[in-house]
Amino acid sequence: MYLKNLIKEKIIKEFSEIFNTNPPDFVIEIPPQNFGDYSTNVAMISAKILKTSPLSIAKKLVESLKEDPDFKKVEVAGPGFINFELSPVLYANVVEKYFRKVEIPKVSSEKIQFEFVSANPTGPLTVGHGRQAIIGDILSRLNEAVGNKVVREYYFNDAGRQVKMLGHSTWIRYNELYGKHFEFGEDDYVATYLIDIAKEISEKYGDRYVNVWNDEIQSFFSSYSTAKIFEWIKKTLSKLNVPFDSYFSEQTLYTSGLTNEALEILRNRGYIYEKDGSVWFAVSKVLPSEEDRVIIRKNGDPTYFFSDIAYMLNKYRRGFDRVYYIWGADHHGYIPRMEAASKALGIPDGFFNVILHQFVTLKSGEEIVRMSKRHGEFVTLEDLIDAVGVDATRYFFAMMDPDTTLVFDVELAKSKKMDNPVYYVQYAHARISSLLKNATEKKIAFEDASLNSISKEERDLVRELDEFSDVVLNAVDQKKPQKLCNYAYSLSEKFHAYYTDHRIVDPENLEISRDRLKLCFAVKNVLEVTLSIIGVSAPEEM
RNA sequence: GCGCCCAUAGCUCAAUUGGAUAGAGCAACGGACUUCUAAUCCGUAGGUUGCAGGUUCAAUUCCUGCUGGGCGCGCCA
């Protein structure tokens with residue numbers, strides 16, 4: 001970013017002096033091999049507004065840019081690209097900066113909320129939740145890194161109909177322990193993990209609930225089950241290093257009166273009507289192509305959409321500048337009605353945002369593993385973490401674009417043979433750590449190394465280093481965690497190649513050793529920060 | 001039928017949101033450890049970027065229409 005910015009500023013200055021106007025948005029990029037260190041498309045982009053050919057614009061610019069001592073070479077190429085070769089001094093400066101400290105520009109200072117996972121406590125987290133947890137956590141870390149204040153929130157319901165079913169199901173499992181058989185209801189949870197909870201209840205409370213069922217017992221089994229499952233969920237999340245700042249209960253929206261307040265606001269603004277004994281929210285009044293939705297059923301029970309509306313109001317009143325809902329692709333149909341609710345409540349555009357991610361499919365060898373919470377046939381997130389480790393779990397979820405379906409081969413992931421890109425990156429870090437240790441043992445101090453002469457491979461490495469903050473800003477902007485993984489991999493790749501070709505610590509060649517060590521140290525710093533945003537450890541040795 | 005997402009090497013994925021010659025890993029083949037960690041490196045081979053148009057100096061990227069796959073279209077979440 002230092003080098004690109006420097007070039008950009010110089011171009012803008014020359015451009016406006018020569019053409020008496022500022023250039024349109026243009027880019028500085030690292031071109032393919034043999035086109036110099038950096039290149040720009042400024043001449044081609046501005047051909048239209050200057051009503052001249054790109055080549056003549058480029059030639060004029062090059063004439064004056066050539067005079068700048070920071071550039072070793074400036075030339076026009078192809079249809080009007082301008083290619084730059086930089087003076088070695090600039091490279092030395094960049095290494096010095098990253099050697100001292102890896103700084104991420106603080107470009108924003110908004111208060112942002114990410115709400116994700118938000119699984120109701122009716123079963124252990126699945127692999128799909130894992131993907132969501134990692135996407136949410138990394139986007140949170142990224143936003144914090146660029147200066148935003150972030151709240152990670154988990155929204156849950158522990159008092160609804162599902163929870164009743166859950167309690168009933170645990171009670172059936174509990175009775176089974178005593179040889180009493182009851183049929184599962186249609187919406188009950190047949191899942192076997194409830195047996196563990198049933199056993200625990202049996203151990204603690206004996207047989208006092210066998211064959212008896214009433215409201216009190218219902219509520220006891222429900223709250224015992226959900227509390228236990230929530231314990232599992234929190235344990236899994238903490239194992240994954242996904243720290244939530246707040247767990248938000250749906251019920252509080254009712255007890256605090258916010259649901260009623262939201263209803264009144266919508267009613268006053270004319271978005272509420274009654275039909276067939278139910279209360280409706282007029283989605284179509286905001287988005288004509290959408291259908292209206294029930295928020296209070298005939299029997300007086302609210303739908304989830306009702307509390308979701310109140311929840312949005314709650315988020316808005318808490319003073320967030322923007323909120324993000326991270327949802328699985330199956331929820332996309334829910335977006336329009338939420339958008340409508342946001343508008344109907346008078347919440348400004350841009351506040352409500354959704355990040356969708358596609359599904360995770362589990363594959364075991366050639367066999368597709370079905371996932372169903374109700375039927376208990378699934379590999380839990382916990383299982384996956386135990387099998388492949390936290391670092392690999394995080395990295396694997398992070399490295400895929402949220403927009404693409406992720407096929408996770410369980411057998412492959414469990415196998416120790418698996419070629420794991422996370423190791424590749426960590427290995428680069430460990431190698432550098434080992435170099436530094438080596439240097440310390442040989443008492444080679446490199447803090448003051450000047451990097452007067454810098455080779456082609458080293459310049460490649462430095463340019464990759466200098467991409468770091470651009471990558472971060474890009475990932476934040478596009479909400480794509482995988483950008484970080486791609487970058488970490490690519491930086492590691494360049495380092496490994498460099499390492500193989502160059503002897504870093506060489507007491508016979510102190511001058512060169514110092515330069516190389518300093519460069520490696522800078523690489524290590526950047527790797528460390530990148531890995532820390534991904535949430536993966538940067539080991540000193542492997 | 002309508003809506004959202006995806007399609008790039010045999011497989012899993014990149015490609016600096018429109019840039020020059022589309023890149024890695026795995027799988028295949030051939031090389032490099034008496035030398036700082038071989039969990040590494042170097043080389044060979046592998047492509048009509050699903051198809052057809054369009055936009056412009058320039059398209060894997062943007063637009064339109066197809067084809068194929070995933071998901072959704074409940075007073076379920």
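Every chain is numbered from 1 and lettered A, B, ... according to where its sequence line falls, protein lines coming before strand lines.
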Worksheet item: Are A:D401 and A:K480 ion-paired here, with the side-chain N under 4.0 Å from a carboxylate O?
Response: yes
Discussion item. Both A:T405 and A:N157 contact RNA chain B. Which one's nearest nucleotide lies toward the 5' end?
Written reply: A:T405
Worksheet item: Of A:F116, A:F230, A:F114, which meets ring-ring contact (aromatic ring centres under 6.0 Å, His included) against A:Y154?
Response: A:F230
Worksheet item: Is any side-chain nitrogen or oxygen of A:Y423 closer than 4.0 Å to OP1 or OP2 of B:A39?
Response: no
Worksheet entry | Pairwise side-chain hydrogen bond (donor to acceptor under 3.5 Å, both in side chains) hits with a residue in residues 331-343 of chain A, at least two apart | A:D308-A:Y334
Discussion item. Both A:Y427 and A:F359 contact RNA chain B. Taking the nearest nucleotide for each, which residue is further toward the 5' end?
Written reply: A:Y427
Fill in: Face-on cation placement of A:K518 at A:F99 ring, 6.0 Å and 45° thresholds
yes
Discussion item. Rounded to whole Å, how long is the line connecting atom NE2 of A:H496 with atom P of B:G25?
Written reply: 12 Å
Fill in: A:H332 (side chain) and B:G3 (base): donor-acceptor pair under 3.5 Å
yes
Item to complete: Verify side-chain hydrogen bond (donor to acceptor under 3.5 Å, both in side chains) between A:Y395 and A:N420, making sure each step is shown before the conclusion.
Response: CA-CA 9 Å; A:Y395 198 92; A:N420 206 330; over 6 Å; no
Worksheet item: Once you round it to whole Å, what is the distance between C1' of B:A24 and CD of A:E464?
Response: 13 Å
Worksheet item: Any side-chain donor-acceptor pair under 3.5 Å between A:E541 and A:S433?
Response: no
Worksheet item: Taking only side-chain nitrogens and oxygens of A:R431, does any of them come within less than 4.0 Å of OP1 or OP2 of B:A39?
Response: no
Discussion item. Could you report the tightest heavy-atom contact between A:P121 and A:N157, atom names first, then the distance?
Written reply: CD-O, 3.4 Å
Practice prompt. Taking only heavy atoms on the protein side, list every residue of residues 497-511 of chain A lying under 4.0 Å from any atom of RNA chain B, sorted numerically.
Written response: A:A497, A:Y499, A:T500, A:H502, A:R503, A:I504, A:V505
If you look only at distance, which donor and acceptor atoms sit under 3.5 Å apart when one is on a side chain in residues 24-37 of chain A and the other is two or more places apart or in another chain?
| residue | atom | partner | partner atom | Å |
| --- | --- | --- | --- | --- |
| A:Q33 | OE1 | A:K456 | NZ | 3.2 |
| A:D37 | OD2 | A:L86 | N | 2.9 |
| A:D37 | OD2 | A:Y91 | OH | 3.1 |

Discussion item. Rounding to an integer number of angstrom, what distance separates B:U60 and B:C2 when you compare their P atoms?
Written reply: 29 Å
Response to the item:
In 5'-to-3' order, the base (B), backbone-only (S) or no-contact (-) status of each nucleotide in nucleotides 16-23 of chain B, using a 4.0 angstrom heavy-atom cut-off, is BB-BB---
Worksheet item: Where does B:C11 land, syn or anti, given syn is within 90° of 0?
Response: anti
Discussion item. Does the Lys NZ or Arg CZ of A:K275 fall within the cation-pi geometry relative to A:Y273 - under 6.0 Å from the ring centre and within 45° of the axis?
Written reply: no
Fill in: Spacing between A:K494 atom NZ and B:G25 atom P, to the nearest angstrom
12 Å
Practice prompt. Could you walk me through whether A:S284 and A:D292 pass the side-chain hydrogen bond (donor to acceptor under 3.5 Å, both in side chains) test, one step at a time?
Written response: CA-CA 6 Å; A:S284 64; A:D292 294 349; 2.8 Å; yes
Worksheet, complete the sentence: Sorted by chain and residue number, the side chain to side chain donor-acceptor pair (under 3.5 Å) partners of A:N486 (sequence neighbours excluded) come out as none
Discussion item. Roughly how many Å apart are B:G65 and B:G19, using the C1' atom of each and rounding to a whole number?
Written reply: 27 Å
Fill in: Span that lies between the C1' atom of B:U49 and that of B:A9, in whole angstrom
10 Å
Worksheet item: Taking the same atom, P, in B:A24 and in B:C62, what whole-Å distance lies between them?
Response: 24 Å
Item to complete: Measure distances between side-chain N and O atoms of A:S278 and base N and O atoms of B:C75, and say whether any donor-acceptor pair falls under 3.5 Å.
Response: yes
Worksheet item: Just checking, any donor-acceptor pair under 3.5 angstrom between side chains of A:Y189 and A:Q162?
Response: yes
Fill in: Consecutive-pair stems (at least three Watson-Crick or G-U pairs, under 3.5 Å) that include RNA chain B
B:1-5 with B:69-73, B:10-13 with B:23-26, B:28-32 with B:40-44, B:50-54 with B:62-66
Discussion item. I'd like the C1' distance from B:U40 over to B:G25, given in whole Å.
Written reply: 14 Å
Worksheet item: Phosphate oxygens OP1/OP2 of B:U37: is one of them under 4.0 Å from a side-chain N or O of A:S434?
Response: yes
Discussion item. Without decimals, in angstroms, what is the distance between A:Y395 OH and B:A14 P?
Written reply: 12 Å
Discussion item. Give me the distance, rounded to whole Å, that separates B:G46 from B:A22 when you measure between the C1' atoms they each carry.
Written reply: 14 Å
Practice prompt. Could you measure between the two C1' atoms, the one in B:A45 and the one in B:U64, and give it in whole Å?
Written response: 39 Å
Practice prompt. Report yes if the distance between the aromatic ring centroids of A:F15 and A:F19 is under 6.0 Å, otherwise no.
Written response: yes
Item to complete: Write down the distance separating the P atoms in B:U21 and B:A28, rounded off to the nearest Å.
Response: 33 Å
